[in-house]
Number of protein chains: 2
Amino acid sequence: MEKKEFSEGALPSVTVDVVIFTIKDDDLKVLLIKRSIEPFKDLWALPGGFIKDSESLEKAAERKLMDETGVKDIYLEQLYTFGSPERDPRARIVTVAYFALIKPRDIGHKKKWDVSDVQWASAYKLPKLAFDHSKIVEYALKRLRWKLEYTTVGFQLLPEKFTLTQVQDIYETILGKKFDKRNFRKKILELGLVKPSREILKDVAHRPARLYTLSKKIGDIIEII
Amino acid sequence: MEKKEFSEGALPSVTVDVVIFTIKDDDLKVLLIKRSIEPFKDLWALPGGFIKDSESLEKAAERKLMDETGVKDIYLEQLYTFGSPERDPRARIVTVAYFALIKPRDIGHKKKWDVSDVQWASAYKLPKLAFDHSKIVEYALKRLRWKLEYTTVGFQLLPEKFTLTQVQDIYETILGKKFDKRNFRKKILELGLVKPSREILKDVAHRPARLYTLSKKIGDIIEII
DNA sequence: TTTAAAGATTGTATTTCTTACACTATCTTA
DNA sequence: TAAGATAGTGTAAGAAATACAATCTTTAAA
């Protein structure tokens, strides 16, 4: 804090933008919204908006998430704050980016969507995005990959019941590399985070896989900076 | 971005605050500045202040760093953005916290300091701080510890020439645990970041230690999210 | 000058973790 | 009942991490 009270010029606006990832069709997806106004009208952008007077940044991000997906209680973490003076042509806007992981089951609960305005785009084939949102998604991807290797956030992308092969598929999709099946399963089981349920997958034209569930709240375990 | 243009109420102010760490007297220090105005007059606080109109967040943090320490080209990374509505009693202020590591040699270059207004406080025995700055320092400490274990940022805290024992001391001071001398040295040397100089420490009442220098710009190597 | 004190320097054996690798089991459909 | 598809499982070799103690070099004191 300085001696001078408050700003030295026009006040910047503060927004939050949320990079919402999910897994769908064996692909990593990002939620995008089509802009209906200038600037960047008709381009795709991340869901986001201004923070309210008496709302924390995290609450603002949760609100945006709820607005766009209709789900709450999902994994959300602050990503990075982007504040270059040129990032918005209208005015100085500082945006606090968050990244969220949602379970496939939670997709599409919100039915009011006008589908032409909202899409789950492949994180690997993104269209041109408004503002510096491409940079934000790129950064989120880096963070996601990193977290996947060194923490257990990955489980946030799984449905309630899942097979070990599904877990492996998610890792392979996001990290873009293959793992040995035996070693992978060994490691996942050693973590002690999943336990076998009594159910098995049905209606598949091969030996059905056992379904697993998470054995604890894994919130604590994720916690790494 | 939303359809509504700009804010839904009073605009928040945006500040940067910088947690500047260094090693001094075998202790991890944080730079604090005594507040001369309300609120929290006479309490210690992190160096920081409002961002300028046409200045990026990073540039603002660099400016603050330069103002307070007189040094530049030092390790600086964005830490986290704190934006709880209650964090400043005067108005809504969102602050982007940075953390910086400076080399002992760089301390005290700035001579204009009124020493009663500025101090290097032990990170382990901090006084009561203004605003939510205790929380910010705590977060920075977590990040620093983490980075020290998994990256090579630690070398940013070393003087130009250093002994391997100094490196170990820094690690032990920050991580609060002891390492085996042989294993520690082996690991440091295997990294390939340091090379022995022809000099040795002088005027010590025991076998003098060899001095090492960094062998590359380590900026690249640090890069992890 | 000799000796004690203080920290510097060095290598090996053990354990733990990581990786590589291939066959059998179970279900559906033809 | 055979073929196709994926599930499920163990072991050996190599790499990395850990545990551990004696000798070296200097200054200061006896």
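So you know, we letter chains A, B, ... as the sequences are listed, proteins then strands, and number each from 1. Basis for what follows: all heavy atoms, side chains included, without hydrogens, waters or symmetry-related copies.
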**Request:** Find which nucleotide of DNA chain C each of A:I200 and B:L211 is nearest to by heavy atoms, and output the residue with the more 5' nucleotide.
**Result:** B:L211

Under 3.5 Å, side chain of [X] to main-chain N/O of [Y], donor-acceptor pair present?
X	Y	answer
A:R145	A:I174	yes
A:T95	A:T15	yes
B:H133	B:L46	yes
B:K161	B:Y212	no

Let me know the distance between [atom1] of [X] and [atom2] of [N], rounded to the nearest Å.
X	N	atom1	atom2	value
B:H206	C:dA8	NE2	C1'	8 Å
B:K181	D:dA17	NZ	C1'	20 Å
B:K187	C:dT9	NZ	P	19 Å
A:L201	D:dG8	CG	C1'	14 Å
B:K178	D:dC20	NZ	P	17 Å
A:I188	D:dG8	CD1	P	14 Å
B:L164	C:dT9	CG	P	6 Å
A:N183	D:dA13	CG	P	16 Å

Between [options], which nucleotide has the shortest distance from any of its atoms to the side chain of [X]?
X	options	value
B:P208	D:dT18, C:dT26, D:dT26	D:dT26
B:R182	C:dA8, C:dT19, C:dG11	C:dG11
B:D180	D:dC20, C:dA8, D:dG4	D:dC20

**Message:** Need one value for B:R210: base, sugar-phosphate or nothing, where a base atom within 4.0 Å counts as base even if backbone is also close, heavy atoms only.
**Reply:**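 Counting heavy atoms under 4.0 Å across all strands, the contact made by B:R210 is with sugar-phosphate only.
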
**Request:** Classify the nucleic acid contact of B:T165 as base, sugar-phosphate or nothing, counting any heavy atom under 4.0 Å across all strands shown.
**Result:** sugar-phosphate

**Prompt:** Are A:S84 and A:E86 linked by a side-chain donor-acceptor pair shorter than 3.5 Å?
**Reply:**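 Yes, A:E86 and A:S84 have a side-chain donor paired with an acceptor closer than 3.5 Å.
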
**Item:** Under 3.5 Å donor-acceptor pair, A:K186 side-chain atoms to C:dT18 base atoms
**Value:** no

